[in-house]
Trainee: 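This structure is in structure tokens; I'll ask about it shortly.
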Amino acid sequence: MLIFTEEELSVNKNEKFIYGKLYVPKAGIEPYPTVIISHGLSVTHSYVDSLAKYLVKQGFATYIFDYRGGGYGSKSSGSSIEMSVLTEMGDLSDVVELLLQEKRIDKNRLFLAGQSQGGIVSALYAANNPEKIRGLVLEYPAFDIPDYGHSIYTNESNIPDRYRFASMEVGRPYFTDTWNLDVYSEISKYTGPVLIIHGTEDSLVPISYSKKAVEFYQDADLIIVPRAGHGFYGLEKRKISKDIREFLKLHSK
């Protein structure tokens, strides 16, 4: 196991503050292959902290952060009323640009990993910036968000200014920003390697969305986790962490 350093590294520009932490191995050769890990809706960076620490011990620099308005207890600025998949894409873009300035980061070996909403955000960012991203790891990515919005509201004008979604109060942008989004057409623009991991009993994001995604990606593998729901724990989590490690090592050579 490698010893690592931990430091706060945040985006602070134009009244936008995105809290983040960077983990860097103390051993090995700089610059390091790096993984930016995105949390899902209503949680914070702490939810992906264990994966970040596991991967840094395997020789990867890792970065975790709070999306603005994206979760309870967020240390970043911003309101959940203004938050959407598109605003989070903007946050992720700022994070990527911040890390590309770091000499310890290998700009040619930058990976994105995302859980749930962080998964769809990472996938869309990679599709629009394929030259910057070496590979993608998506855990139960929320590719169903546009469909879910259409299932609740018959047309865009019916979306209220404020409402509760997935235990959070959100605003019109949450569904209006993805109302006309063709998820699979967009994500298919990314041609690099993709690893998707999804549980068969996920009641929030049906596994069918990930199965369909594999058909649109040029280079994607799907790991199906029997009986798992929206999240992985215990032995499942340890095995999946190893699967992620092997994927990253293979594609960082």
Trainee: Roughly how far apart are Ser74 OG and Tyr19 OH, rounded to 0.5 Å?
Mentor: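 Rounded to the nearest 0.5 Å, the OG-OH separation comes out at 10.5 Å.
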Trainee: What class does the angle between the rings of Tyr174 and Phe165 fall in, given that below 30° is parallel, 30 to 60° is tilted and above 60° is perpendicular?
Mentor: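 Taking Phe165 first and then Tyr174, their aromatic rings sit tilted (interplane angle of 30° to 60°).
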Trainee: Would you check if Glu6 and Val56 make a side-chain contact, meaning some heavy-atom pair closer than 4.5 Å?
Mentor: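 No, too far: nothing below the 4.5 Å cut-off.
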Trainee: Does the side chain of Tyr54 reach to within under 4.5 Å of the side chain of Arg245, using non-hydrogen atoms?
Mentor: yes
Trainee: Could you tell me how the ring of Tyr153 sits relative to the ring of Tyr163: parallel (under 30°), tilted (30 to 60°) or perpendicular (over 60°)?
Mentor: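 Ring orientation of Tyr153 relative to Tyr163: perpendicular.
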Trainee: Counting C-beta onward and ignoring hydrogens, is there a side-chain heavy-atom pair between Tyr125 and Glu88 closer than 4.5 Å?
Mentor: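 They are not in contact (no side-chain heavy atoms under 4.5 Å apart), so the answer is no.
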Trainee: How about Tyr67 and Ser38: does a side-chain donor come under 3.5 Å of a side-chain acceptor?
Mentor: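 On atom types as modelled, these side chains qualify, holding a pair under 3.5 Å.
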Trainee: Any side-chain heavy-atom pair from Leu22 and Arg104 closer than 4.5 angstrom?
Mentor: yes
Trainee: Establish, from distance only, whether the side-chain atoms of Tyr23 and Asp49 form a donor-acceptor pair under 3.5 Å.
Mentor: yes
Trainee: Holding to side chain to side chain donor-acceptor pair (under 3.5 Å), I want the full list of residues that pass it with Glu15, two or more places apart in sequence or in another chain.
Mentor: none
Trainee: More than 12 foreign heavy atoms under 6.0 Å from NZ of Lys249: is that the case here?
Mentor: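 Count over threshold, so yes.
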Trainee: Does any part of the side chain of Leu41, heavy atoms only, come nearer than 4.5 Å to the side chain of Ser116, both counted from C-beta?
Mentor: no
Trainee: Pro206 versus Asp144: any side-chain heavy-atom pair under 4.5 Å?
Mentor: yes
Trainee: Do Val121 and Asp91 touch side chain to side chain, with heavy atoms closer than 4.5 Å?
Mentor: no
Trainee: Answer yes if the side chains of Lys75 and Ser10 hold a donor-acceptor pair under 3.5 Å, and no otherwise.
Mentor: no
